[in-house]
Peer 1: 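Below are the structure tokens for one structure; questions will follow.
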Amino acid sequence: MFLSLSGILIIALLGTLVETARYTACGNHTARTIRTSAEALLTEYSRPLYDHYGLFFLEDTGIPFEKVIAGYASDTMESARAGTMDFLKGEIHQVSVADKTYVGDQEAAPLQQEIRGLMGRRITGDQLKKWLKRSSDAGDSDKKAEEIEETVENQREMAELDKQLLKLMKWIDGITVSNGKISCAGEFVKMFAVKEKKSQYFGVNESAVWKKMKEHLDDSPRHWRQMDRKSFLAKIKKVIKLTDQAIKEAGQLERAYNRCRGKNREFADHDKKMQQLIRQMSVLQGNRHILTETEKLLKEPLKEEGADLLDQLWKDYDTESICFDYTGVEEQGGADHPLEALSTVWGDGILNLVIRDPKKLSGASVAKADESAMLYREQGETDEDYGERISELTEKEKVSLSGAAGDLAEYGMNHFFLDRYIQDKFSSYEKTVSGWKRALKYQWEYIVAGRSSDKKNLEAVLNRILMIRTPVNFAAIYKDAAKKQQAYAAAAAVVGFTGMEPLIRFTQTMILVVWSIVEALVDVAGILQGRDVPLLKKSAQILTSFPQIFQLTGKAITKRAGRFAAAGKKSFGYKDYLLLFLGMKERKKKLYRVMDLIQWDMNKNGYEGFRLDRCVFSIKVSASIVFPARFFHMPVIGAMLGRDIRDYSYACEIEKGYL
């Protein structure tokens with residue numbers, strides 16, 4: 001009896017130990033099976049995606065992942081041979097994919113990780129350092145651009161005063177200088193002659209101006225009894241309105257003058273003249289009073305006493321105090337401004353100016369740009385259209401050149417890996433890729449600009465290169481005394497009279513900016529032709545002469561660009577500018593645009609249902625497998641444990657992904 005009881009205890013103890021060890025083995029077997037099943041699922045990656053882009057991603061289409069994993073796992077869990085006792089045989093109770101990480105999740109971090117793994121085996125930190133050093137000179141363009149903008153803004157304040165003065169000349173003296181000719185309006189504040197028609201009584205010191213002005217004077221105030229009352233009354237009403245405009249403009253002029261008074265010592269003499277002229281404007285209020293009183297008197301039949309009242313009233317009408325400086329007006333004034341020539345051609349865009357045959361450009365386009373970014377609600381700010389800066393220059397004389405080169409201070413290896421991947425896998429204006437159809441042919445340009453067509457993307461890139469080249473050219477032209485003198489003479493001709501020095505200087509600067517832009521168009525054309533266009537220029541390297549800034553045709557510009565030497569190994573070419581712009585682009589924006597290009601190209605090459613945003617990078621799998629009890633199920637052990645254990649389950653959770 002004792003031996004029997006001892007034997008049962010020993011058997012129970014051994015069975016428990018064996019079953020416990022088996023339970024541990026089943027747990028390990030479960031984890032191993034689910035892990036290998038998940039890995040087996042990941043081997044079903046998109047082969048075209050790998051062949052053409054070197055990326056491992058799994059399409060989330062077709063049979064559910066849970067079913068595929070369960071199928072792989074069930075093969076392992078089945079008994080190797082029917083009828084034998086398999087200690088590791090179990091039955092799958094539940095398999096679920098709890099979480100999936102898609103390509104674009106976490107700001108497209110999975111795509112960046114794949115690219116880093118692919119390119120990390122080919123690119124070193126030394127290559128990054130060399131590229132940063134090579135691109136550093138291009139960044140100097142921004143410093144020059146900021147200096148130009150500061151110069152323009154400093155000159156603008158004083159020039160705006162002169163522009164207001166031109167309006168006052170038109171309203172008060174009736175004088176306008178346009179297209180090299182002096183003209184006089186039919187009605188103006190000083191049009192009524194109280195004294196003889198002599199220039200000294202009208203504050204005019206230039207014979208050419210007086211000749212035009214004299215033709216439109218009305219001496220009715222000297223002959224009240226013989227005048228055409230109805231006609232004169234109509235003139236009075238018009239002159240009252242002009243006087244009101246002049247009073248308003250004079251007030252604005254005074255306020256603007258007070259804001260910038262004494263800021264620029266270079267224009268001290270001009271400053272004094274402006275101050276004196278503003279004081280002279282006070283006579284306008286008195287003149288207006290005389291005009292309104294005259295209007296009241298003339299509304300009634302004019303009697304003798306009325307004429308006497310008018311004689312007395314008009315003794316104080318002042319046409320002498322306000323004296324504008326028309327010095328130099330007889331010189332060739334009112335010449336064409338180069339801005340007008342630029343404005344005329346800019347409406348057709350840069351492509352027609354810098355490309356020899358624009359008809360050969362790709363006409364490819366897509367329905368909508370930045371699809372992936374919008375899908376993940378990560379589009380952010382719209383990429384700037386640098387072409388609008390030229391439009392603002394021609395329309396508003398606003399100079400904005402900085403920011404095109406950007407800052408590479410935070411540029412690191414992840415950026416470099418991504419940009420080199422783009423360079424390897426995608427096409428551009430200069431680089432074609434055969435054997436694989438492309439939805440857009442200028443793909444680097446799309447990543448930089450994010451427009452929906454090849455032409456728009458190329459145009460955006462070229463406009464940005466133009467912004468970088470303009471300050472470089474301005475620095476070279478500005479150092480050339482002869483070129484500055486040409487611009488000054490042209491500015492004096494454009495403004496019309498040399499007495500307005502601040503306006504002439506501002507106009508001179510604007511002409512130099514236009515000259516720099518035209519030379520930059522030649523630079524862009526040269527870059528596209530594979531020419532050696534220096535990153536930094538000297539005056540002798542400027543190919544555009546002053547007369548040529550008016551010759552804005554594609555033929556003239558591309559022909560002049562041919563004078564640059566052929567590009568060498570050290571030349572900073574079109575590809576380098578593209579890489580520079582890629583470096584400036586926010587990394588997540590580049591990743592989302594890479595996603596766009598891959599998906600569009602996959603669809604174009606026969607994979608119409610392919611969606612990159614539905615491709616999976618990693619999965620989290622949870623599973624539960626039931627194992628039948630072997631030793632715990634023995635009656636003697638069950639009796640000892642006080643319960644019948646027929647099976648038990650093991651749950652596990654694993655996460656698997658590429659790399």
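In what follows, every heavy atom counts, from backbone to side chain, and hydrogens, waters and symmetry copies are set aside. Since we're looking at a predicted model, the values are computed, not measured.
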Peer 1: Assess whether atom CD of Glu150 is packed by more than 12 heavy atoms of other residues, nucleotides or ligands within 6.0 Å.
Peer 2: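 Not more than 12 within 6.0 Å, no.
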
Peer 1: So does Asp613 pair up with Arg611, basic N to acidic O under 4.0 Å?
Peer 2: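 Here Asp613 pairs with Arg611 in a salt bridge, since their nearest N and O are under 4.0 Å apart.
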
Peer 1: May I ask you to check whether Trp515 and Phe546 place their ring centers less than 6.0 Å from one another?
Peer 2: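 When the ring centroids of Trp515 and Phe546 are compared, they turn out to be within the sub-6.0 Å range.
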
Peer 1: Is Arg593 paired with Asp383 through a side-chain N to carboxylate O contact shorter than 4.0 Å?
Peer 2: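 Arg593 and Asp383: salt-bridged.
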
Peer 1: Tell me, with the steps shown, if Phe57 and Tyr45 meet ring-ring contact (aromatic ring centres under 6.0 Å, His included).
Peer 2: CA-CA 5 Å; Phe57 287 111; Tyr45 58 85; over 10 Å; no

Peer 1: To check you understand the geometry: which heavy-atom pair defines the closest contact between Lys483 and Ser539, and what is its length?
Peer 2: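 For Lys483 and Ser539, the tightest heavy-atom pair comes out as NZ-OG, 3.6 Å.
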
Peer 1: Are the charged groups of Glu107 and Arg587 less than 4.0 angstrom apart, N to O?
Peer 2: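 Salt bridge: no.
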
Peer 1: Determine which pairs satisfy salt bridge (Lys or Arg N to Asp or Glu O under 4.0 Å) with at least one residue from residues 430-450, sequence neighbours left out, and list them in order.
Peer 2: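 For residues 430-450: Arg438-Asp601.
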
Peer 1: May I ask you to decide if Ile390's main-chain N or O and Trp346's side chain share a donor-acceptor pair within less than 3.5 Å?
Peer 2: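 Between the backbone of Ile390 and the side chain of Trp346 there is no qualifying donor-acceptor contact (under 3.5 Å).
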
Peer 1: So, the side chain of Asp162 versus the backbone of Leu503: is there a donor-acceptor pair under 3.5 Å, distance only?
Peer 2: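 A pair under 3.5 Å: yes.
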
Peer 1: Under 6.0 Å from the OH atom of Tyr50, do we count more than 12 heavy atoms belonging to anything else shown?
Peer 2: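 Counting other residues, nucleotides and ligands, OH of Tyr50 stays at 12 neighbours or fewer.
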
Peer 1: Can you tell me how far CG of Leu418 sits from CG of Leu582, rounded to the nearest 0.5 angstrom?
Peer 2: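 It comes to 8.0 Å.
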
Peer 1: Return the minimal non-hydrogen interatomic distance between Leu535 and Arg469, and the atom names on each side.
Peer 2: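 Looking at all heavy atoms of both residues, the closest pair is O-NH1, 3.3 Å.
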
Peer 1: If you measure from CD1 on Ile350 to CG on Asn463, what distance do you get to the nearest 0.5 Å?
Peer 2: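 Those atoms lie 4.5 Å apart.
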
Peer 1: Should Thr507 and Tyr488 be marked as a side chain to side chain contact (heavy atoms under 4.5 Å, CB included) after you check the CA-CA gap, both sets of side-chain angles, and the distance that decides it?
Peer 2: CA-CA 8 Å; Thr507 306; Tyr488 185 89; over 6 Å; no

Peer 1: Going by an N to O cut-off under 4.0 Å, is there a salt bridge joining Asp424 and Arg122?
Peer 2: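 Arg122 and Asp424: salt-bridged.
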
Peer 1: Can you see which heavy atom on Ser400 is nearest to which on Arg389, and at what distance?
Peer 2: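 Result for this residue pair: O-CD, 2.9 Å.
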
Peer 1: For Asp532, is there an ion pair with Lys570 - N to carboxylate O distance below 4.0 angstrom?
Peer 2: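 No.
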
Peer 1: Less than 4.0 Å between a side-chain N and a carboxylate O, is that true for Asp51 and Arg47?
Peer 2: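 Salt bridge flag = yes for Asp51 with Arg47.
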
Peer 1: As a quick check of understanding, evaluate side chain to side chain donor-acceptor pair (under 3.5 Å) for Arg116 and Gln113, giving each step before the final call.
Peer 2: CA-CA 5 Å; Arg116 182 182 178 89; Gln113 190 171 338; over 6 Å; no

Peer 1: Could you tell me whether a side-chain N or O of Gln443 sits under 3.5 Å from a main-chain N or O of Ser428, the two making a donor and an acceptor?
Peer 2: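 No: the side chain of Gln443 does not pair with the backbone of Ser428.
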
Peer 1: Could you tell me whether the side chains of Gln529 and Arg356 share a donor-acceptor contact shorter than 3.5 Å?
Peer 2: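 On atom types as modelled, these side chains qualify, holding a pair under 3.5 Å.
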
Peer 1: Tell me if the NZ atom of Lys456 is crowded by more than 12 foreign heavy atoms within 6.0 Å.
Peer 2: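 Atom NZ in Lys456 is not packed in, count stays at 12 or less.
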
Peer 1: Using a 6.0 Å cut-off, check whether atom NZ of Lys575 has over 12 heavy atoms from anything other than its own residue.
Peer 2: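 For Lys575, atom NZ is not crowded (no more than 12 foreign heavy atoms under 6.0 Å).
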
Peer 1: Walk me through it: do Asp142 and Ser402 pass the test side chain to side chain donor-acceptor pair (under 3.5 Å)?
Peer 2: CA-CA 5 Å; Asp142 260 0; Ser402 60; 5.4 Å; no

Peer 1: Working to the nearest 0.5 angstrom, can you tell me the gap between Lys604 NZ and Leu597 CG?
Peer 2: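 The NZ atom of Lys604 sits 13.0 Å away from the CG atom of Leu597.
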
Peer 1: Look up atom CZ in Arg420 and atom CG in Leu118, then write down how far apart they are to the nearest 0.5 Å.
Peer 2: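 Those atoms lie 14.0 Å apart.
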
Peer 1: Can you check whether Phe572 and Tyr577 have ring centres sitting under 6.0 Å from each other?
Peer 2: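 So the answer is yes for these two rings.
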
Peer 1: If you measure from the Lys or Arg side-chain nitrogens to the Asp or Glu carboxylate oxygens, is any gap between Arg156 and Glu153 under 4.0 Å?
Peer 2: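 Looking at Glu153 together with Arg156, the answer is yes, because their closest N to O distance falls below 4.0 Å.
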
Peer 1: Given 3.5 Å as the limit, does a donor-acceptor pair link the side chain of Glu44 with the main chain of Leu58, or not?
Peer 2: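 Not at all, since once roles are kept as given, no pair shorter than 3.5 Å links the two residues.
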
Peer 1: Taking ring-ring contact (aromatic ring centres under 6.0 Å, His included) as the cut-off, I'd like each qualifying pair that reaches into residues 448-485, sequence neighbours left out, listed once.
Peer 2: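 Matches after skipping sequence neighbours: Phe474-Tyr478.
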
Peer 1: Check whether Gln599 reaches the backbone of Leu612 with its side chain - one donor and one acceptor, N or O, closer than 3.5 Å.
Peer 2: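 Side chain of Gln599 to backbone of Leu612: a pair is present.
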
Peer 1: Do any N or O atoms from the side chain of Arg531 and from the backbone of Gly526 form a donor-acceptor pair under 3.5 angstrom?
Peer 2: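 No, because the side chain of Arg531 does not come within donor-acceptor range (under 3.5 Å) of the backbone of Gly526.
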
Peer 1: Compare every heavy atom of Ala369 with every heavy atom of Met374, then report the nearest pair and how far apart it is.
Peer 2: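 Nearest heavy atoms, Met374 then Ala369: CE-O, 3.1 Å.
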
Peer 1: Does Phe426 have its ring centroid less than 6.0 Å away from the ring centroid of Trp436?
Peer 2: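 Here the rings of Trp436 and Phe426 have centres that are no less than 6.0 Å from each other.
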
Peer 1: Do Arg560 and Thr544 have side-chain N/O donor and acceptor atoms under 3.5 Å apart?
Peer 2: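 On atom types as modelled, these side chains qualify, holding a pair under 3.5 Å.
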
Peer 1: Of all the heavy-atom pairs spanning Leu521 and Leu466, show the shortest one and how long it is.
Peer 2: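 What the structure gives for the nearest pair is N-CD1, 3.5 Å.
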
Peer 1: Quick check: does any side chain N or O of Asn603 sit under 3.5 Å from a backbone N or O of Phe610, one acting as donor and the other as acceptor?
Peer 2: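 Answer holds: yes.
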
Peer 1: Taking all non-hydrogen atoms of both residues, which atom of Gly412 and which atom of Leu128 are closest, and how far apart?
Peer 2: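 For Gly412 versus Leu128, the nearest heavy atoms are C-CD2, 4.0 Å.
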
Peer 1: Mind checking ring pair (Phe, Tyr, Trp, His ring centres under 6.0 Å) for Tyr607 and listing every partner two or more places apart, or none if nothing turns up?
Peer 2: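 With neighbours one apart ignored, the set is empty.
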
Peer 1: I'd like to know if Lys585 and Asp419 make a salt bridge, using a cut-off of under 4.0 Å between side-chain N and carboxylate O.
Peer 2: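 No.
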
Peer 1: How many angstroms lie between atom OG of Ser618 and atom CD of Glu655, to the nearest 0.5 angstrom?
Peer 2: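 Between atom OG of Ser618 and atom CD of Glu655 there are 5.0 Å.
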
Peer 1: Does any N or O in the side chain of Asn457 come within less than 3.5 Å of the main-chain N or O of Arg451, such that one atom is a donor and the other an acceptor?
Peer 2: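 Yes.
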
Peer 1: Could you check whether any side-chain N or O of Glu392 sits under 3.5 Å from a backbone N or O of Glu397, counting only pairs where one atom can act as donor and the other as acceptor?
Peer 2: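 No; zero donor-acceptor contacts below 3.5 Å.
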
Peer 1: Verify side chain to side chain donor-acceptor pair (under 3.5 Å) between Glu388 and Ser391, making sure each step is shown before the conclusion.
Peer 2: CA-CA 5 Å; Glu388 289 183 357; Ser391 299; over 6 Å; no

Peer 1: Is there a donor in the side chain of Ser516 and an acceptor in the side chain of Asn473, or the other way round, less than 3.5 Å apart?
Peer 2: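 Looking only at side-chain atoms, Asn473 and Ser516 do not form any donor-acceptor pair under 3.5 Å.
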
Peer 1: Are Ser545 and Gln548 close enough that a side-chain donor and a side-chain acceptor fall under 3.5 Å?
Peer 2: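 Looking only at side-chain atoms, Gln548 and Ser545 do form a donor-acceptor pair, the distance falling under 3.5 Å.
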
Peer 1: Given the side-chain rings of Tyr102 and Phe617, with only the six-membered ring counted for Trp, is the space between their centroids under 6.0 Å?
Peer 2: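 No, too far apart.
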
Peer 1: To the closest 0.5 Å, what do you measure between CG (Leu339) and CD (Glu395)?
Peer 2: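 Reported value, rounded in 0.5 Å steps: 11.0 Å.
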
Peer 1: Going through the distances and angles, do Asp596 and Tyr446 end up as a side chain to side chain donor-acceptor pair (under 3.5 Å)?
Peer 2: CA-CA 10 Å; Asp596 288 339; Tyr446 169 73; 2.7 Å; yes

Peer 1: Under 3.5 Å, side chain of Ser141 to main-chain N/O of Ile468, donor-acceptor pair present?
Peer 2: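 Present.
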
